[in-house]
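Single-structure report; data block below.
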Amino acid sequence: MHTFQINVQDKLVDKVLKYLSSFPKNEIEILEKQTTQEDWSYLEKEIDKGLSSGMSGKSHEDIMSEIKRKYA
């Protein structure tokens with residue numbers, strides 16, 4: 001068996017999964033990695049987007065410190 005990793009844009013996920021599910025279940029296994037929950041770099045990028053919007057008076061470091069204190 002071979003393992004591949006692909007990154008799929010949100011708008012294509014349903015199409016890709018529909019195509020892959022057309023194969024026999026004993027010949028293919030679909031594993032989904034939730035990068036939005038596990039990847040600190042993703043979270044930092046999202047924080048930067050929020051900071052650039054001007055909606056928050058906190059610094060990036062302040063926000064990351066609060067998040068790490070609560071969840072890490």
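Among residues two or more places apart in sequence or in another chain, the side-chain contact (heavy atoms from CB on, under 4.5 Å) test is passed with Ser59 by Glu61, Asp62. Listed by chain and residue number, Ile6, Leu12, Val13, Val16 satisfy the side-chain contact (heavy atoms from CB on, under 4.5 Å) test with Val8 (two or more places apart in sequence, or in another chain).
Within a 6.0 Å radius of CG in Asn26, more than 12 heavy atoms belonging to other residues, nucleotides or ligands are found.
Distance check: Ile30 CD1 to Leu17 CG gives 5.5 Å after rounding to the nearest 0.5 Å.
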